[in-house]
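Scroll down for the structure; my scribbles are underneath it.
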Amino acid sequence: MKNIMKIKTNLAFALVAVAGAILITSTPLRADTDSRIEKAAKKSYVFKIYLKDDSIKVNSKAGVVTLTGMVSEESHRTLAENTVASLPGVVSVDDQLSITGTQPPEHSDAWISAKVKSTLLFHRHVNGLGTTVYVKDGVVTLQGVASSMAQKELTTEYAKDIENVKGVYNNMTIAVAPAAPDSTIGEKIDDASITAQVKAALLSHRSTSALHTTVVTVDGVVTLSGVAKNEAEKTLVTKLVTDINGVVNVINNMTIAPPVAAN
């Protein structure tokens, strides 16, 4: 009986020692992961390009990331949250970001203008930075310089597909000399930023805003899953995502919804 008690006591001490060793060794590992998450967020393409003028603090504890600070608009808040949520090691995101200033009413001309501008920036085959956007009563007027007629027409197509846009006048001129290649073409962009841009673009485009699409990016290859109404809608999603900054390839695993029976 004494031997059994001794064995139990020794086993209990051994378990305590093992638990302590695990705790000691795992704490630095968690701290290291948290540090990597915070650094990866700050170095991400989205934070360096789109959110560079915002004041965002990223704090990770055991993979739970808290975002605090100020952003200039709601879309920036969503971009920050989606980027961080897609980083390796992140368990969840607590978005406590505040928005500075007064935001334009939804579907107003100012709201439409911001949507068009941001959406053009996500797509690499249009000149988002070189396109000026004016909106009056839902009608968008585009000005600037396009590298080709194809780019001008694509810019019109993207602008028309923004929610509440009633029409588009494209007054962009065509460059006489070929424009220098966009720096984002061929540039390796981190997967988290690609995922965030894809989600934002699909939400901004009227033709895909209602879709519930899951987006996963690995080494620039975007895998999509969800349900499309038909093959045309699935093809459109592939086309839009293929033109997002940093995307190398698109694997579209979306299924086609069964046809609704007529009453």
Side-chain angles (χ1 to χ4, degrees), residues 45-46 49-50 74-76 78-79 81-83 85-86 111-131 133 140 142 146-168 170 172 181-257:
Y45 178 82
V46 162
I49 301 300
Y50 303 121
E74 181 63 39
S75 64
H76 286 199
T78 304
L79 272 174
E81 182 175 343
N82 284 338
T83 300
S86 301
W111 182 90
I112 294 171
S113 177
K115 282 282 186 182
V116 173
K117 289 175 182 177
S118 62
T119 304
L120 292 180
L121 287 175
F122 297 141
H123 291 293
R124 58 185 167 191
H125 288 115
V126 294
N127 186 8
L129 290 175
T131 305
V133 180
V140 176
L142 304 171
S147 62
S148 63
M149 181 56 72
Q151 186 182 77
K152 179 177 179 177
E153 291 174 349
L154 187 60
T155 306
T156 302
E157 182 181 334
Y158 285 154
K160 280 183 177 179
D161 199 34
I162 301 301
E163 189 177 358
N164 247 48
V165 169
K166 298 176 182 177
V168 176
N170 194 330
M172 299 177 73
D182 190 332
S183 61
T184 59
I185 298 178
E187 176 187 349
K188 184 171 176 56
I189 297 176
D190 58 286
D191 291 336
S193 290
I194 293 173
T195 295
Q197 289 180 104
V198 169
K199 288 181 177 180
L202 291 179
L203 188 61
S204 295
H205 283 290
R206 175 165 34 198
S207 55
T208 56
S209 61
L211 292 176
H212 298 289
T213 310
T214 301
V215 182
V216 177
T217 308
V218 179
D219 294 332
V221 178
V222 178
T223 301
L224 306 169
S225 57
V227 181
K229 288 187 297 186
N230 49 48
E231 195 62 45
E233 187 172 75
K234 180 177 178 178
T235 300
L236 177 61
V237 171
T238 302
K239 175 186 175 183
L240 292 175
V241 174
T242 300
D243 195 32
I244 298 297
N245 298 323
V247 173
V248 175
N249 191 25
V250 177
I251 300 172
N252 194 335
N253 292 331
M254 297 177 72
T255 57
I256 306 300

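Below, each value reflects all heavy atoms present in this structure, side chains not excepted, and no hydrogens, waters or symmetry copies. Everything numeric here is computed off the predicted structure, so don't read it as measured data.
- Residues satisfying the ring pair (Phe, Tyr, Trp, His ring centres under 6.0 Å) test with Phe122, not counting sequence neighbours, are Tyr50.
- Side-chain contact between Ile256 and Glu231: present, with at least one pair of heavy atoms (C-beta onward) separated by less than 4.5 Å.
- Scored by the side-chain contact (heavy atoms from CB on, under 4.5 Å) test, Ser86 finds Ala192, Thr195 as partners (sequence neighbours excluded).
- Counting only residues at least two apart or on different chains, no salt bridge (Lys or Arg N to Asp or Glu O under 4.0 Å) pair has a member in residues 190-208.
- Side-chain contact between His125 and Tyr158 is absent, with no heavy atoms from C-beta onward closer than 4.5 Å.
- No side-chain donor-acceptor contact under 3.5 Å links Lys160 to the backbone of Val168.
- Contact detail for His205 and Thr119: the closest heavy-atom pair is NE2-CG2, 3.5 Å.
- In this structure, the side-chain hydrogen bond (donor to acceptor under 3.5 Å, both in side chains) partners of Glu157, at least two apart in sequence or on a different chain, are Lys239.
- Residue Asp219 holds its CG atom at 12.0 Å from CG of Asn249, rounded to the nearest 0.5 Å.
- Residues Asn82 and Val215 are not in side-chain contact: their nearest non-hydrogen atoms beyond the backbone lie 4.5 Å or more apart.
- When the ring pair (Phe, Tyr, Trp, His ring centres under 6.0 Å) test is applied to His76, no partner is found at least two apart in sequence or on another chain.
- Nearest heavy-atom pair, Ile244 versus Ala201, reported as atom, atom and distance to 0.1 Å: CD1-CB, 3.6 Å.
- Results of the side chain to side chain contact (heavy atoms under 4.5 Å, CB included) test with Leu224 over Val216, Val250, Ile251 single out Val250 as the only residue that passes.
- Of all heavy-atom pairs between Arg124 and Thr242, the closest is NH2-O, 2.9 Å.
- Under the side chain to side chain contact (heavy atoms under 4.5 Å, CB included) rule, Thr217 has a single partner from Ile194, Val198, Thr223, which is Ile194.
- When each of Thr214, Thr238, Leu211 is tested with Met254 by the rule side chain to side chain contact (heavy atoms under 4.5 Å, CB included), just one qualifies, namely Leu211.
- Applying the side-chain contact (heavy atoms from CB on, under 4.5 Å) criterion to Ile49, with sequence neighbours excluded, gives Tyr45.
- No donor-acceptor pair under 3.5 Å is formed between the side chain of Asn127 and the backbone N or O of Ser147.
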